[in-house]
Amino acid sequence: QVQLVESGGGLVQAGGSLRLPCAASGSIFSINVMGWYRQAPGKQRELVASITSGGITNYADSVMGRFTISRDNAKSTGYLQMDSLKPEDTGVYYCYLPTPTRGYWGQGTQVSVSS
């Protein structure tokens, strides 16, 4: 079993920043890809960013240039740095770890951005 724990969410003003860590633990020998999803109120869950073990990153167009995904392989922890936050960034953010057998989700952390 794999456990993913996100934290760092909260309420911030537009233009502010948050840093979300995702700590992975359990039966993990290596982490190939980690991703962040978010689910805004009334909307479906969407992929925000992903990062490979080699540090190759992908971002949704809506967060490009504002969010940065990173990872610390030694700590088995991924991060989502969110800058220049907008009200439309509001939602529950989930860490995601795909494996050959199944995907694992964190519990989610609420991010609320006020205008």
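- Put simply, CE on Met82 and CZ on Arg19 are 11.0 Å apart, with the number rounded to the nearest 0.5 Å.
- Panel note: side chain Glu6, backbone Cys95; a donor-acceptor pair is recorded below 3.5 Å.
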Could you walk me through whether Asn58 and Leu47 pass side chain to side chain contact (heavy atoms under 4.5 Å, CB included), step by step? CA-CA 10 Å; Asn58 273 27; Leu47 177 65; 6.0 Å; no
Side chain to side chain donor-acceptor pair (under 3.5 Å), that's the test. Do Ser17 and Asp83 meet it? Break it down for me. CA-CA 4 Å; Ser17 298; Asp83 299 317; 2.8 Å; yes
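- Heavy atoms only, all atoms of each residue included: Ser70 and Ile51 are closest at CA-CD1, 3.7 Å.
- Between the CG atom of Leu18 and the CZ atom of Phe67 there is a distance of 9.0 Å, given to the nearest 0.5 Å.
- For Ala40, the side-chain contact (heavy atoms from CB on, under 4.5 Å) partners at least two apart in sequence or on another chain are Lys43.
- Interatomic distance, CZ of Arg38 versus CZ of Arg45, reported as 13.0 Å (0.5 Å rounding).
- Between Val33 and Leu97, the closest heavy-atom pair is O-CD1, 3.1 Å.
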Applying side chain to side chain contact (heavy atoms under 4.5 Å, CB included) to Ser50 and Trp36, what does each step give before you reach the verdict? CA-CA 6 Å; Ser50 64; Trp36 285 93; over 6 Å; no
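- Thr90 places a side-chain N or O within 3.5 Å of a backbone atom of Val113 that can act as its donor or acceptor partner.
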Chi angles and distances behind the side chain to side chain contact (heavy atoms under 4.5 Å, CB included) call for Arg71, Cys22: CA-CA 9 Å; Arg71 64 193 297 168; Cys22 172; over 6 Å; no
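- Across every non-hydrogen atom of Gly91 and Pro41, the tightest pair is CA-CD, 4.4 Å.
- Gln107 contributes atom CD, which lies 8.5 Å from atom CD of Gln3 (distance to the nearest 0.5 angstrom).
- For Tyr37, the ring-ring contact (aromatic ring centres under 6.0 Å, His included) partners two or more places apart in sequence, or in a different chain, are Tyr96, Trp105.
- Both Met64 and Val48 sit in one connected hydrophobic cluster of ILVMFWY residues. Membership requires side-chain heavy atoms under 4.5 Å apart, directly or through other members.
- Put simply, CD1 on Ile69 and OG1 on Thr52 are 9.5 Å apart, with the number rounded to the nearest 0.5 Å.
- Cluster annotation: Leu20 and Val12 are assigned to the same hydrophobic cluster (Ile/Leu/Val/Met/Phe/Trp/Tyr, side-chain heavy-atom contacts under 4.5 Å, transitive).
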Give the intermediate values and the outcome of side chain to side chain contact (heavy atoms under 4.5 Å, CB included) for residues Arg66 and Tyr59. CA-CA 10 Å; Arg66 300 186 298 115; Tyr59 298 95; over 6 Å; no
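- Residue Tyr94 holds its OH atom at 10.0 Å from OG1 of Thr109, rounded to the nearest 0.5 Å.
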